[in-house]
Protein chains: 2
Amino acid sequence: MAIKSREEEKFKALLKTRRLKYTVDRKAIYREVMRLSGHFNADSLYERFKNQGSRIGRDTVYRTLPLLLESGVIQKSAGLSKREFFERTSAKGHHDHLVCVRCGKIIEFKCPEIETFQAKVFSEYLFQPICHDHRLFGICRSCR
Amino acid sequence: MAIKSREEEKFKALLKTRRLKYTVDRKAIYREVMRLSGHFNADSLYERFKNQGSRIGRDTVYRTLPLLLESGVIQKSAGLSKREFFERTSAKGHHDHLVCVRCGKIIEFKCPEIETFQAKVFSEYLFQPICHDHRLFGICRSCR
DNA sequence: TTGAATGCAAAACCTTTGCAAGCTC
DNA sequence: GAGCTTGCAAAGGTTTTGCATTCAA
């Protein structure tokens with residue numbers, strides 16, 4: 001619960017910085033995202049609203065996800081399709097993905113050392129970090 | 001020239017593994033890619049052929065790039081659009097990208113330590129490495 | 001009150017695909 | 001000759017956009 005609120009503050013803070021509003025729809029999208037533990041995309045999230053009888057539009061979802069991404073509440077996930085996948089950052093903590101290009105299997109990995117060096121790169125170039133996309137592609141053992 | 005041939009061998013080797021053919025078109029695409037030092041995408045490469053009066057089709061380019069990618073001759077590059085960008089691996093050696101989400105500026109960085117840990121992840125999960133996509137998104141100093 | 005957000009529908013976009021004809025090996 | 005490759009054209013599928021209306025601060 002503590003984490004949940006802190007996440008919400010991050011989202012609100014981003015909106016404030018951008019002089020954007022914390023509307024009913026954005027709140028609903030934020031809340032729905034917090035209920036998800038797996039990966040999702042704009043469309044699957046929209047479908048959830050539709051199934052619940054909510055009138056939140058697909059476009060609103062498409063427009064809100066980049067804001068959640070930038071605020072750090074969600075992060076990019078992985079998949080073989082061109083589609084963009086996301087997942088809640090706090091669900092399992094931050095991690096990256098290893099993708100088998102043959103069977104599409106996706107493995108989550110955590111590598112704190114990589115995170116450390118990433119942070120160094122950001123600071124070396126005087127960038128304020130927002131997020132990153134790190135996917136390793138290869139062929140898994142069973143596909144070889 | 002030595003490097004050039006070695007690259008070509010890598011490409012040929014991949015084709016052989018997949019029982020694919022080293023056709024005239026694939027050779028032409030390989031050669032054209034070797035002439036490029038900056039980043040490109042399927043379409044811009046196709047345009048180059050068109051401007052040269054070559055009859056190589058857009059589709060062939062689209063179908064060949066994944067093969068060059070898998071053989072390691074090219075790697076993914078970065079951009080803000082959904083479009084896929086590539087660049088020759090040997091042009092500047094392997095590197096990754098730092099992208100400013102405000103102005104779109106792209107900075108290339110090299111971080112050998114990250115590469116080392118990536119290799120560890122691949123071997124830990126028994127994956128045969130093919131390539132990776134590593135982009136750091138943030139806000140550059142002048143945009144803040 | 002003012003600027004932002006939303007829904008609708010349409011557009012835009014890049015990429016992929018099926019198929020018949022032509023090449024490679 | 002068998003199977004892969006290519007060009008054509010069309011489809012595909014996701015994401016974006018313009019605009020009028022509604023809403024938040």
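Just the heavy atoms: all of them, side chains too, but no hydrogens, waters or symmetry mates, feed the values below. A quick note: this is a predicted structure, and the numbers were derived from the prediction, not measured. Letters A, B, ... mirror the listed sequences (proteins, then strands); counts begin at 1.
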- [ ] List in chain and number order the residues that pass side chain to side chain donor-acceptor pair (under 3.5 Å) with A/Asp25, two or more places apart in sequence or in another chain; answer none if no residue qualifies.
- [x] A/Arg55
Open item on the list: Closest-nucleotide mapping onto DNA chain C: is B/Asp43 or B/Thr23 further toward the 5' terminus? I mean the 5' end.
Closed with: B/Asp43
Task: Atom pair CZ/CZ of A/Phe117 and B/Phe109 - distance to nearest 0.5 Å - done: 12.0 Å
Task: Pairwise salt bridge (Lys or Arg N to Asp or Glu O under 4.0 Å) hits with a residue in residues 67-80 of chain A, at least two apart - done: A/Arg18-A/Glu70, A/Glu70-B/Arg102, A/Lys76-A/Glu84
Task: Opening and closing nucleotides of DNA chain D in contact with chain B, under 4.0 Å to non-hydrogen atoms - done: D/dG3 to D/dT16
TODO: Would you work out how much the helix from C/dT1-D/dA25 to C/dC25-D/dG1 bends between its ends, with each end axis defined by five base pairs, to 10 degrees?
DONE: 50°
TODO: Report the residues that fulfil side chain to side chain donor-acceptor pair (under 3.5 Å) with B/Asp43, sequence neighbours left out, ordered by chain and then residue number.
DONE: B/Arg58
Open item on the list: Taking side-chain contact (heavy atoms from CB on, under 4.5 Å) as the definition, give me every residue that meets it alongside B/His39, ordered by chain and number, with sequence neighbours left out.
Closed with: B/Ser77, B/Phe85, B/Glu87
Task: OG on A/Ser54 to OH on A/Tyr46, rounded to 0.5 Å - done: 9.0 Å
Open item on the list: Side chains of B/His94 and B/Glu115: any donor to acceptor distance under 3.5 Å?
Closed with: yes
Task: Listed partners of A/Ser37 passing side-chain contact (heavy atoms from CB on, under 4.5 Å), at least two apart - done: none
Open item on the list: Mind checking if A/Asn41 touches a base, just sugar-phosphate, or nothing, with heavy atoms under 4.0 Å?
Closed with: nothing
Task: side chain to side chain donor-acceptor pair (under 3.5 Å) involving A/Glu32 - partner list, sequence neighbours excluded - done: A/Arg35, A/Arg48, A/Gln52
Task: Value rounded to 0.5 Å, distance of CG in B/Leu14 from CG in B/Leu68 - done: 9.0 Å
Open item on the list: Taking any atom closer than 4.0 angstrom to a non-hydrogen atom of chain B, what span of DNA chain C does the protein reach, first nucleotide to last?
Closed with: C/dC14 to C/dC25
Open item on the list: Whether the A/His132 and A/Asp96 side chains hold a donor-acceptor pair (N or O, under 3.5 Å, no angle test) is what I'd like checked.
Closed with: yes
- [ ] Would you jot down, in residue-number order, the residues of residues 57-71 of chain A having a non-hydrogen atom under 4.0 Å from DNA chain C?
- [x] A/Gly57, A/Asp59, A/Thr60, A/Arg63
TODO: Kindly write out the residues that satisfy side chain to side chain donor-acceptor pair (under 3.5 Å) with B/Arg63, not counting sequence neighbours, or none if the list is empty.
DONE: none
Give the table of side-chain donor-acceptor pairs shorter than 3.5 Å for residues 123-131 of chain B, with sequence neighbours excluded, one pair per line with atom names and distance.
| unit_1 | atom_1 | unit_2 | atom_2 | d |
| --- | --- | --- | --- | --- |
| B/Ser123 | OG | B/Lys120 | O | 3.2 |

